[in-house]
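Okay, structure first, notes after.
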Amino acid sequence: MKKKRIITGLICAILLVAAYFFVGNYFYNFALNVDREKEFLEDNPNLQQSDAVVAAVAEEAELADDDFEQKYSPTEISVISTDKEQLKLNAFVYENEQADHKWAIVVHGYNGKAKSMTRYVRNFYEKGYNVLAPDLRGHGESKGNYIGMGWHDRKDMLLWIDQIVKKDQDAEIVLFGVSMGGATVMMTSGEELPSNVKVIVEDCGYSSVSDVFVYQLDDLFGLPEFPVMNAANTVTNFRAGYDLYDASALEQVSKSVTPMLFIHGDADTFVPFEMLDKVYKAANVEKEKLVISGANHGDAEKVDPKAYWGTVWQFVDRYIN
C-alpha cells in the first residue's frame, strides 16, 4: 500500500511538472516566439483605429509618407549583439545634409519593423535630423528567434548609439520609440549612456513586461498571474535567457539621468493608460507628459498630430540645438 502511494505521488508530480512546462511553453510561443503568427493582434478590439482620427489629415500624412519613401533610400548597416548569441542586427540610416550633428534613433513596436516607422522617421528627417531606425532582435532583417520586449534590446541600443558616436563624435542624440519601442527606450534610459544622448521620447510604452503580460493574460484569457506567468517565466528564462519580472521600464526609468517626454492616449486599452503615471512618477529627471484625448494604442500621433509634434519639438529643442 505504501509503495502504491509513493508511485501515485510520483506520477502526480510528473504530471504537474509536465503541465507546468506545457503551459509555460504555450504562452512563450504565443507571445515571444517570432516564428509563431501573432493572431491575437488581428481584429483585436484594443487595437482598432481611434474614432478621433481625422480621415483627411490621416490621408494627407500617408501621402507624405509614401512620397518620403520614394524620395529617400536609406543605407543599411549592421552590428553583432554582445550577448552569447552574437546576433546580426540590422538598421536603416537616413543621412541628412542639413542635420548638423542632430541624430534620432527611432524604434518600432511589438511585431513591427524599422520600415513601418516611416511617419516618425519622416518627421525627424524633415526637422533636420539624421535618423537611424533599427530592427529589434527577431524583427525585420535582424536575427533572433524570440522577442526581447525591450529588455535585451536595451543592450542592442547601446551598440546603435555607439555606431552614431563613432561616425559623428559631436552627435546629439534623441531616443524615440512607440509601444514596445517606447519601453525599449525607457529600458535603455537606465543604462550608462554617453553624453551624446540628450533626450528621450517614449510613446505608449509599458511599465514592465510582467505588468503588461499579466494584463493581457486577464484580458485575452481571463487567467490569473499565478501559476501561468510563473510557468511562462521559467520557459522564457530557459529559451530566451531573460526574466520577465526583471524586464522593468519602471526600474530603469528610476535610474535615468536623461530628460524624458512621456506620451500616451487616454483611450489605450492594449497598454493601459494607467501605466503612464507609473513610469512618469518613477522618473527623477527633467520630464513632461502629453496625454492625447481619445487616442487608442499607438494612435496618439494620428489623433492629434499638431499637439503631438508640437510637444515633441518643444521638449526636444530644449536639449538639442
Side-chain angles (χ1 to χ4, degrees), residues 65 68-69 71-82 87-110 112-144 148 150 152-189 191-203 205 258-261 301 309 312-313 315-317 319-321:
D65 293 343
F68 180 84
E69 288 177 346
K71 281 184 178 179
Y72 301 102
S73 298
T75 302
E76 203 166 348
I77 65 171
S78 63
V79 294
I80 303 298
S81 68
T82 55
L87 300 171
K88 184 179 180 182
L89 305 172
N90 181 80
F92 297 92
V93 178
Y94 299 79
E95 293 198 51
N96 189 336
E97 293 180 357
Q98 310 301 318
D100 193 26
H101 306 298
K102 294 193 294 186
W103 285 84
I105 301 180
V106 173
V107 190
H108 67 80
Y110 182 87
K113 57 185 178 180
K115 287 191 173 180
S116 68
M117 296 297 284
T118 301
R119 176 72 48 82
Y120 305 96
V121 170
R122 173 174 66 82
N123 274 274
F124 275 99
Y125 190 93
E126 291 175 350
K127 184 68 173 175
Y129 281 77
N130 298 297
V131 184
L132 186 153
D135 285 321
L136 299 180
R137 54 175 63 201
H139 292 76
E141 301 299 317
S142 288
K143 300 299 182 182
H152 279 182
D153 306 291
R154 80 193 194 283
K155 296 290 189 180
D156 302 336
M157 287 287 289
L158 301 180
L159 299 176
W160 296 124
I161 292 167
D162 188 51
Q163 288 293 302
I164 291 174
V165 175
K166 283 180 179 177
K167 184 179 181 66
D168 181 1
Q169 63 180 4
D170 296 320
E172 296 184 308
I173 303 169
V174 53
L175 306 183
F176 175 94
V178 178
S179 190
M180 188 176 80
T184 298
V185 298
M186 284 194 284
M187 290 173 180
T188 305
S189 76
E191 300 301 308
E192 188 173 340
L193 302 178
S195 60
N196 304 79
V197 178
K198 303 296 185 183
V199 60
I200 296 172
V201 179
E202 77 85 18
D203 179 351
T258 309
M260 204 173 309
L261 172 63
E301 193 276 343
W309 290 110
V312 168
W313 301 136
F315 190 80
V316 168
D317 287 351
Y319 309 101
I320 295 181
N321 293 327

Side-chain heavy-atom pair [X], [Y] within 4.5 angstrom cut-off:
X	Y	answer
M180	H139	yes
I77	W160	yes
M157	L175	yes
V121	D65	no
L136	H108	yes
V201	V185	no
V199	M260	no
S81	R137	yes

Taken to the nearest 0.5 Å, the spacing of Y110 OH from T184 OG1 works out to 13.0 Å

Interatomic spacing from CG in D156 to CG in L87 - rounded to 0.5 Å: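 Answer rounded to 0.5 Å: 7.5 Å.
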
I need the minimum non-hydrogen distance between [X] and [Y], along with the two atoms involved.
X	Y	answer
N123	W313	O-CZ2, 3.5 Å
P134	A114	O-CB, 3.6 Å
S179	G109	CB-CA, 4.3 Å
M187	R154	O-CD, 3.8 Å
I320	I173	CD1-C, 3.9 Å
E141	F92	CG-CZ, 4.5 Å

Salt-bridge criterion met for [X] and [Y] (N-O under 4.0 Å):
X	Y	value
D135	K113	no
K115	E69	no
K127	D317	yes

Does the ring centre of Y94 sit less than 6.0 Å away from the ring centre of F68?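 Yes; Y94 has its ring centre under 6.0 Å from that of F68.
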
Using 30° and 60° as the class boundaries, would you call the ring planes of Y72 and Y125 parallel, tilted or perpendicular? tilted

According to the interplanar angle, ranging from 0 to 90°, do the rings of W309 and Y120 count as parallel (below 30°), tilted (30 to 60°) or perpendicular (above 60°)? tilted

Check for a donor-acceptor pair, side chain of [X] on one end and backbone N or O of [Y] on the other, with a separation under 3.5 Å.
X	Y	value
S116	G112	no
N196	E172	no
D162	L159	no
S142	L89	no

Determine, stepwise, if the pair V178 / M117 fulfils side-chain contact (heavy atoms from CB on, under 4.5 Å). CA-CA 9 Å; V178 178; M117 296 297 284; 4.0 Å; yes

Begin from the C-alpha positions of I200 and V174 and carry the test side-chain contact (heavy atoms from CB on, under 4.5 Å) through to its verdict. CA-CA 6 Å; I200 296 172; V174 53; over 6 Å; no

Using a 6.0 Å distance limit plus a 45 degree cone around the ring axis, check whether K102 lies over the aromatic ring of Y129. yes

Is it the case that atom CG in N321 sees more than 12 heavy atoms from other parts of the structure closer than 6.0 Å? no

Determine, step by step, whether V131 and I105 satisfy the side-chain contact (heavy atoms from CB on, under 4.5 Å) criterion, reporting the C-alpha distance in whole Å, the side-chain angles of both residues, the deciding distance to 0.1 Å, and the verdict. CA-CA 6 Å; V131 184; I105 301 180; over 6 Å; no

Which residue in the set V93, I161, V107 passes side-chain contact (heavy atoms from CB on, under 4.5 Å) when paired with L132?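 Filter result, single survivor: V93.
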
